[in-house]
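All ligand and atom numbering here is 1-based and tracks the order in the structure. Just the heavy atoms: all of them, side chains too, but no hydrogens, waters or symmetry mates, feed the values below.
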Amino acid sequence: MKEEVKGIPVKVALRCRPLLPRELEEGCQTCLSFVPGEPQVVVGSGEKCFTYDFVFDPSAEQEEVFNLAVAPLIKGIFQGYNATVLAYGQTGSGKTFSMGSAYTAAQENEPTVGVIPRVIQLLFTEMDKKVDFEFLLKVSYLEIYNEEILDLLSPSREKSSQINIREDPKEGIKIIGLTEKTVSLAMDTVSCLEQGNNCRTVASTAMNSQSSRSHAIFTISVEQRKKSDKNSTFRCKLHLVDLAGSERQKKTKAEGDRLKEGININRGLLCLGNVISALGDDKKGGFIPYRDSKLTRLLQDSLGGNSHTLMIACVSPADSNLEETVNTLRYADRARKIKNKPIVNIDPQTAELNQLKQQVQQLQVLLLQAHGGTLPVSINVEPSENLQSLMEKNHSLTEENEKLSRGLSEAAGQTAQMLERIILTEQANDKMSVKLEELKQHPACKLDLQKLIESLDDQELKENLEIIHSLQHVITQLSVSQDEAALCLASAADVPAEPSAAQVETSPNTSRSSEGFTTQHALRQAQMSKELLELNKALALKEALAKKITQNDSHLQPIQFQYQDNMKSLELEVASLQKEKEDLLFLLNSAKKDVNQAKLSERRRKRLQELEGQIIELKKKLNEQSKLLKLKESTEHTVSKLNQEIRLMKSQRVQLMRQMKEDAEKFRQWKQQKDKEVIQLKERDRKRQYELLKLEKDFQKQSNVLRRKTEEAAAANRRLRDALQKQREAADKRKESQSRGMEGTAARVKRDYASFEGL
Ligand code: ADP
Ligand code: MG
């Protein structure tokens with residue numbers, strides 16, 4: 001996810017170095033002057049005046065240049081913007097000095113330390129201040145020499161091991177195969193710079209001026225992340241570029257390798273210039289030739305792309321360098337017109353994560369709605385009900401699908417059979433037409449019988465001839481209807497392809513094993529019959545073509561013979577004319593000597609001219625005719641080739657047919673087997689059901705018996721209980737009556753006793 005910011009122009013800092021001791025010795029004069037307090041430089045005695053974002057005169061120290069021009073870019077890094085610093089200028093103008101790309105540890109605390117080591121220091125100081133952030137820094141260092149990318153940090157000596165430039169739609173330009181070192185201390189980073197510089201220096205001692213003949217790019221990638229929010233990753237790049245010398249190569253009178261180097265340096269800088277010009281043009285959306293050189297491709301994001309860019313244009317003040325200095329001033333002026341579009345870089349993974357989070361939220365909302373029965377899709381339908389109906393639908397669809405694919409395979413089988421029949425018929429038809437053709441060519445068919453009949457007197461013969469004539473008629477009619485039949489066959493072969501192909505597409509999802517096999521078979525059959533039909537179509541076309549050519553050819557046949565005859569006679573004629581001409585010439589030559597024969601020779605000359613005219617005419621004719629004959633030959637060749645192809649296609653067709661048949665047969669067998677199994681299974685099932693039923697019945701019976709027995713037992717039990725009850729009751733009664741008897745006696749005794757006492 002990228003957030004666009006308004007266009008920011010490339011900033012240009014002009015830096016003029018002091019005159020070097022060598023230049024002073026040579027008595028060079030300063031050809032530039034500076035306006036105090038203004039970012040302006042004046043060339044010579046005021047002929048030209050240029051204004052830049054910053055102008056540093058020879059007295060400016062490294063620190064001043066860094067603090068004013070470079071440090072703000074480093075601040076941008078922490079807001080997520082890419083940054084680029086480019087040093088441009090002729091050899092010896094102070095690019096390497098300014099960039100500090102010749103840094104060695106011995107220089108450490110010197111005021112002469114250039115941009116790169118200072119950038120590293122500032123980066124680490126700023127990172128230390130940002131305690132609530134985590135950082136991951138990686139550095140790479142490369143050199144473009146002769147349009148080749150050399151890895152200056154490569155652990156092996158081989159610096160150019162397969163380095164490729166790729167353009168990633170999300171991350172921009174990427175260099176594949178380049179060493180990237182992870183660094184966690186300023187010291188480590190500076191030592192990477194030093195290590196790379198050493199790689200450059202080694203090369204430069206071998207070939208003195210080399211270091212200024214390559215472009216060096218030191219890149220620091222910064223990944224930063226808030227400790228509290230793991231998903232807030234920024235990733236940006238800082239390119240620090242020490243370009244090769246911009247001086248014109250024609251001056252150096254280079255040859256061989258030097259020239260090649262020169263051309264390549266020029267290429268890079270020329271492309272850079274073109275890119276700068278194209279970007280400086282006000283026309284929007286114009287073509288920017290980034291791809292013309294490795295340099296411009298690598299800097300694509302720095303120029304007119306996603307970067308805050310500073311160009312340090314380095315110049316020498318010496319009048320001996322005036323031309324190059326003015327060139328640099330102009331180049332830098334163009335660069336100021338570039339408007340970059342820096343954008344905040346968010347890590348693509350973070351962007352994706354954010355997007356996914358949003359999606360999850362949306363889905364959660366939908367889910368909630370669904371549970372509440374307000375899912376926009378299912379209007380007033382309970383989810384479970386919905387599911388039920390869906391399942392039912394699915395089931396019926398599956399069934400339909402199954403039916404369809406069965407139908408399809410049957411249809412395909414039928415199609416195959418039909419096609420086979422058609423092909424067989426076609427073959428028979430072919431044979432017939434050959435026979436018919438032979439018959440038509442028979443001399444009997446060519447006789448003009450009508451005339452013969454009319455001219456005859458013999459009645460019997462006449463009748464016989466009439467019969468033969470009617471036979472002739474039948475033969476002609478036959479050949480007509482034969483053609484029609486062929487047409488019918490061709491169109492019949494066309495019919496079934498479309499529906500089967502269409503059906504195939506309607507049933508692509510069956511996946512259960514047997515259904516799968518059926519569908520596969522159907523698909524295969526449909527595919528094959530489609531192929532067959534296509535083959536048929538192609539074949540019909542080819543045949544039609546061959547027929548047409550042959551027809552044309554047969555028209556040409558008499559002309560051909562005529563031409564062949566003609567040519568022979570023409571050749572003879574030409575030869576005789578040639579002969580006559582030679583004779584005449586001879587006569588003319590010999591007549592030159594004889595004055596008397598002047599008249600005669602005049603006539604001969606005329607004749608000679610005539611002859612020449614005729615010869616030319618004849619030769620022309622000959623030429624035309626032989627061309628025609630050649631044409632004829634080539635058509636014959638084409639026809640024979642066509643016929644060959646037709647034969648091949650026919651055999652392919654037969655093969656395909658056979659394959660289809662085999663396939664259908666296999667399928668039939670498989671189906672039979674399956675059906676048998678199904679029947680067996682069903683049989684077994686039925687048996688089992690029957691047994692089950694029987695068992696159930698037995699069980700029922702037994703349980704009935706048991707129930708009855710239990711009931712009987714219960715009844716017996718009841719009876720027994722009743723009997724016992726009765727017995728008990730009888731016994732009780734008896735006891736009662738006995739005791740009542742006793743009581744009576746006792747009462748009586750009591751009464752008797754009372755009456756006795758009363759006495
Ligand atoms: P370039 O890389 O453009 O070919 P250098 O950076 O190698 O040029 O500079 C050439 C010479 O000029 C070196 O000896 C360097 O020390 C000297 N030089 C360049 N710029 C300055 C400056 N601003 N102050 C003093 N010396 C400088
Ligand atoms: Mg240099």
message: I'd like to know: is the Mg ion (ligand 2) within the 2.8 Å range of an N/O/S atom from Thr96, strictly under that distance?
response: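 Here the distance criterion (N, O or S atom, under 2.8 Å) is met by Thr96, so yes.
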- request: Please identify each residue that fulfils side-chain contact (heavy atoms from CB on, under 4.5 Å) with Asp128, with sequence neighbours left out.
  value: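 Expected list: none.
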Indicate the atoms forming the closest heavy-atom contact of [X] with [Y], along with that distance.
X	Y	result
Lys11	Asp53	CA-OD2, 3.2 Å
Ala102	Thr96	CB-CG2, 3.7 Å
Gly80	Gln224	N-NE2, 4.3 Å

Spacing of Met311 atom CE and Tyr331 atom OH [to the nearest 0.5 Å]: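 Reported value, rounded in 0.5 Å steps: 6.0 Å.
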Does ligand 1 have an atom under 4.0 Å from some heavy atom of [X]?
X	answer
Pro18	yes
Gly89	no
Gln90	yes
Cys314	no

Regarding ligand 1, does [X] bring an N or O atom to under 3.5 Å of one of the ligand's N or O atoms?
X	answer
Leu20	no
Gly94	yes
Thr91	no
Ser98	no
Lys95	yes

- prompt: How are the rings of Phe78 and Phe135 set to each other: parallel, tilted or perpendicular (split at 30° and 60°)?
  reply: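 The arrangement is perpendicular - the two ring planes meet at more than 60°.
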His239 and its side chain to side chain donor-acceptor pair (under 3.5 Å) partner, picked from Thr309, Thr84, Asn82, Thr219: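 One option only clears the test, and that one is Thr219.
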Atoms of ligand 1 close to Arg15 [distance to a heavy atom under 4.0 angstrom, numbered from 1]: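 Once the distances to Arg15 are compared, the set is 23 (N).
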field: NZ/NE/NH1/NH2 to OD/OE distance under 4.0 Å, Lys129 and Glu126
entry: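 Salt bridge between Lys129 and Glu126, a charged N being under 4.0 Å from a carboxylate O: yes.
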